[in-house]
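Note that the structure is predicted; figures quoted are calculated from it, not measured. Below, chain A is the first sequence line, B the second, and so on; all start at residue 1. As a basis for the values below, the full set of heavy atoms in this structure was taken, side chains included, without hydrogen atoms, waters or symmetry mates.
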Amino acid sequence: MENQSCSDAELMARLGRGDLAALGALAERHQNRVLSLAFRLLGDWHKAEDITQETFLRLRQAAHKYEPQARFTTWLYRIVHNLSMDQRRKATRDPVSLDTMQTEQEDPAAGDVPERRELARQVRDAVNGLAERQRRAIILHRYEGLSHVEISEVTGWSKSAVESLLVRAYENLRKKLAEYKDFAR
Amino acid sequence: MEHAKEIELIELVAKRLEPDREKTLLAHLKDCPACRRRIEDVRGTWDILGAWEVRPTANFDAIERACAYGRAEAASGGLVIRLARIGTVLRVAATIILTMLVGYVGGRRSLGGASPRAEAETPQYVSVLGLEAGQSLSSLLLQDDEVSGGEGQS
């Protein structure tokens with residue numbers, strides 16, 4: 001109960017003093033968002049789980065020097081983003097990993113209705129078919145709810161570059177998904 | 001008012017526009033059919049994208065996995081991290097040793113090459129006067145020469 005009332009920064013301070021229960025509380029609070037982001041970036045639940053574990057280990061290692069300047073989640077997402085991009089680069093160099101990634105993309109979250117599942121698949125493919133930077137911008141903006149400034153902090157791109165990427169990404173997706181326009185309503 | 005920028009329409013649909021700007025933009029949309037069509041397109045895309053939901057696997061427990069790893073790492077006194085960084089440490093150590101070795105060899109060569117030249121350049125008058133190298137007077141004489149030469153120049 002005590003952990004639930006603590007802010008993320010307070011939990012990080014406690015973790016910096018060696019309190020592993022604080023790490024548990026942070027993981028409990030953010031695990032699902034971290035996992036979802038890693039999955040969307042990588043398209044593979046197993047790799048997403050590894051990234052999630054690694055993210056919380058990085059939190060633990062960096063806790064003693066953590067300074068709450070930016071929002072905690074922005075900092076957290078930056079770790080997830082960078083780890084996921086490293087993982088993607090490795091997968092690009094290793095064709096076996098890429099094959100595995102493509103076959104493991106099926107996710108059970110699309111719902112039980114076949115039409116809805118088909119739409120989810122189309123959307124996922126459309127997003128994954130975008131140019132890499134547009135894809136990342138859309139995932140962080142549409143699915144993780146980050147502002148332009150936050151996306152800029154997570155990715156290291158300028159704010160104007162983020163805005164330009166988002167405009168192009170939404171435009172491309174509008175064209176790609178035009179035939180499903182009425183389906184979603 | 002000018003037409004709305006595309007990025008602002010996206011932010012309006014995402015409900016992340018600043019209140020003042022949102023108010024202005026909504027007022028413009030009332031009077032601008034072109035912008036209303038554009039925002040309908042953006043909203044349509046936004047809604048379709050919502051169909052891609054992901055539900056993290058229920059059996060995954062990052063808390064347990066991270067804590068277990070953390071406990072193991074604490075129990076080994078940081079051994080896990082040290083092992084992971086051993087490659088970096090070895091590379092740095094090798095660089096330092098190599099630099100020292102190159103410096104040492106270079107230094108020895110430099111010293112070894114200087115002595116014979118020094119002997120060869122001993123002035124002839126020193127031996128004529130019977131003041132060969134190694135005798136204390138010859139070094140005093142040379143020092144005097146250098147000092148007086150320096151003063152003369154200034």
Side-chain angles (χ1 to χ4, degrees), chain A residues 18 20-21 23-28 30-36 39-40 45 48-49 52-57 59-61 107-111 116-117 119-124 126-127 138 141-143 145 147-148 163-164 166-167 170-171 173-178 180-185, chain B residues 3-19 21-22 35 37-85 88:
Chain A
L20 280 178
L23 179 64
L26 283 166
E28 193 171 11
H30 298 288
Q31 170 183 313
N32 282 354
R33 291 184 73 186
V34 168
L35 197 52
S36 298
F39 174 74
R40 281 203 167 95
W45 281 116
E49 287 175 1
T52 305
Q53 181 192 329
E54 182 64 26
T55 300
F56 287 106
L57 285 171
L59 280 195
R60 184 183 177 280
Q61 287 164 15
D107 63 83
R116 189 78 187 167
R117 198 179 301 164
L119 179 61
R121 206 183 342 261
Q122 293 295 336
V123 170
R124 182 198 64 200
V127 171
I138 278 286
H141 185 262
R142 174 61 182 86
Y143 298 106
S147 70
H148 305 169
E163 290 177 353
S164 169
L166 284 173
V167 168
Y170 278 106
E171 176 63 17
L173 289 169
R174 185 180 67 79
K175 289 174 188 164
K176 283 184 178 190
L177 298 168
Y180 301 98
K181 195 176 174 182
D182 299 325
F183 213 164
R185 292 176 180 169
Chain B
H3 289 302
K5 290 179 185 169
E6 194 70 15
I7 193 69
E8 286 187 320
L9 293 178
I10 293 169
E11 291 306 90
L12 186 64
V13 169
K15 298 184 173 68
R16 291 176 211 156
L17 211 55
E18 288 180 8
R21 187 62 193 149
E22 182 178 333
C35 284
R37 272 196 302 278
R38 286 170 60 211
I39 200 166
E40 280 312 304
D41 281 343
V42 173
R43 188 169 284 123
T45 309
W46 181 271
D47 290 344
I48 293 170
L49 289 173
W52 184 25
E53 297 170 356
V54 297
R55 217 174 290 147
T57 43
N59 56 355
F60 174 67
D61 190 352
I63 307 165
E64 184 51 42
R65 276 174 67 166
C67 286
Y69 192 93
R71 279 193 297 270
E73 192 260 315
S76 64
L79 182 66
V80 178
I81 294 170
R82 282 207 297 274
L83 281 174
R85 290 179 183 166
T88 310

Measure distances from A:Val34 to the heavy atoms of chain B and classify the residue's part below 4.5 Å as side chain, backbone, both or neither. neither
Using every non-hydrogen atom in the two residues, find where A:Ser36 and B:Pro56 come nearest and quote the distance to one decimal. OG-CG, 3.5 Å
Do B:Arg16 and A:His148 have side chains that approach each other closer than 4.5 Å (heavy atoms only, starting at C-beta)? no
With chain B, which of A:Glu163, A:Arg142, A:Lys176 has the greatest number of heavy-atom pairs at distances under 4.5 Å? A:Arg142
If I take atom CZ from residue A:Phe39 and atom CZ from residue B:Arg55, how far apart are they, to the nearest 0.5 angstrom? 12.0 Å
Looking only at heavy atoms, what is the nearest atom pair of B:Ala14 and A:His141, with distance? CB-CE1, 4.3 Å
B:Val42: what forms a side chain to side chain contact (heavy atoms under 4.5 Å, CB included) with it, not counting sequence neighbours? B:Glu6, B:Leu9, B:Ile10, B:Val13
Closest-packed option against chain B by number of heavy-atom pairs under 4.5 Å, given A:Leu59, A:Leu26, A:Thr55, A:Leu177: A:Leu177
Donor-acceptor contact present, side-chain A:Tyr143 to main-chain B:Leu49, <3.5 Å: yes
